[in-house]
Amino acid sequence: MANNATRTWDAAEHLKTEEDMAAYLEAALEEGDSALIAAALGDIARAKGMSQVARDTGLGRESLYKALSSTGNPELATIIKVVRALGLRLHATPQ
């Protein structure tokens, strides 16, 4: 009998390149949902290594996990620190 065990899909496992990460964040930004944006940043941070991102931002690893979850509500200053630590940039364009 075949084993049909399933595993939760984890976006962080599929974010291999800087381009993947930037495209993923861009898609989240286009949706305009703050929880989705925070979760996308969390996925990217996990793909890069949350401990390294925590060191680069000067923030605690556990607090980053919490802030960058789908239920987190990070401050703008936290988002800016994380985006910089990830080597990404936020940008604005007219609609």
Side-chain angles (χ1 to χ4, degrees):
M1 191 180 224
N3 182 357
N4 292 330
T6 59
R7 206 172 70 124
T8 303
W9 188 82
D10 185 357
E13 293 175 7
H14 303 278
L15 299 170
K16 304 291 185 198
T17 67
E18 299 286 323
E19 291 78 16
D20 293 343
M21 294 173 191
Y24 186 59
L25 180 56
E26 189 67 32
L29 289 167
E30 286 179 13
E31 289 297 316
D33 179 340
S34 61
L36 181 63
I37 294 165
L41 284 171
D43 291 338
I44 297 167
R46 286 186 301 106
K48 281 223 168 194
M50 191 65 84
S51 294
Q52 184 62 49
V53 173
R55 281 191 295 276
D56 292 346
T57 60
L59 302 168
R61 190 175 59 87
E62 292 301 319
S63 64
L64 277 179
Y65 272 113
K66 184 177 177 181
L68 300 178
S69 71
S70 60
T71 59
N73 189 17
E75 293 183 3
L76 182 57
T78 299
I79 289 176
I80 291 170
K81 285 180 185 180
V82 170
V83 168
R84 284 187 180 153
L86 294 173
L88 299 171
R89 275 194 264 170
L90 297 177
H91 69 277
T93 58
Q95 290 184 17

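Position 1 is the first residue of the sequence, and the numbers go up from there.
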| said: What's the separation between atom CD in Glu13 and atom OG1 in Thr8, rounded to the nearest 0.5 Å? | reply: 10.0 Å
| Least distance between heavy atoms, Ala38 atom then Ser69 atom | CB-O, 4.0 Å
| Does the side chain of His14 come within less than 4.5 Å of Trp9's, by heavy atoms? | yes
| request: Treating Ile, Leu, Val, Met, Phe, Trp and Tyr as nodes and any side-chain heavy-atom pair under 4.5 angstrom as an edge, say whether Met50 and Leu88 lie in one connected cluster. | output: yes
| query | Of all heavy-atom pairs between Ala47 and Ala12, which one has the smallest distance, and what is that distance? | reply | CB-O, 3.5 Å
| field | Interatomic spacing from CD in Glu26 to CD in Glu19 - rounded to 0.5 Å | value | 13.5 Å
| query | Which pair of heavy atoms, one from Pro74 and one from Gly72, lies closest together, and at what distance? | reply | CD-C, 3.7 Å
| Check: Ala40 main-chain N/O paired with Asp43 side-chain donor or acceptor under 3.5 Å | no
| message | Is there a side-chain contact between Leu25 and Leu86 in this structure, where contact means two heavy atoms from C-beta onward sitting under 4.5 Å apart? | response | no
| said: Test: salt bridge (Lys or Arg N to Asp or Glu O under 4.0 Å). Region: residues 84-95. Which pairs qualify, not counting sequence neighbours? | reply: none
| message | If the condition is side chain to side chain donor-acceptor pair (under 3.5 Å), which residues does Glu18 pass it with, not counting sequence neighbours? | response | Lys48
| request: Identify the heavy atoms of Gly60 and Ala54 that sit nearest to each other, and give their distance. | output: C-CB, 4.2 Å
| task | State the OG1-CG distance between Thr78 and Leu64, to the nearest 0.5 angstrom. | result | 7.5 Å
| message | Suppose we screen for side chain to side chain contact (heavy atoms under 4.5 Å, CB included). Which residues come up paired with Ala85, at least two apart in sequence or across chains? | response | Val53, Asp56, Thr57
| Do the side chains of Leu68 and Val83 join up, straight or via other hydrophobic residues, at under 4.5 Å, putting them in one cluster? | yes
| note | Between the CG atom in Leu15 and the CZ atom in Arg46, the distance rounded to the nearest 0.5 Å is 9.0 Å
| field | Whether over 12 other heavy atoms sit under 6.0 Å from Asn73 CG | value | no
| said: Applying side-chain contact (heavy atoms from CB on, under 4.5 Å) to Leu90 and Ile79, what does each step give before you reach the verdict? | reply: CA-CA 10 Å; Leu90 297 177; Ile79 289 176; 4.3 Å; yes
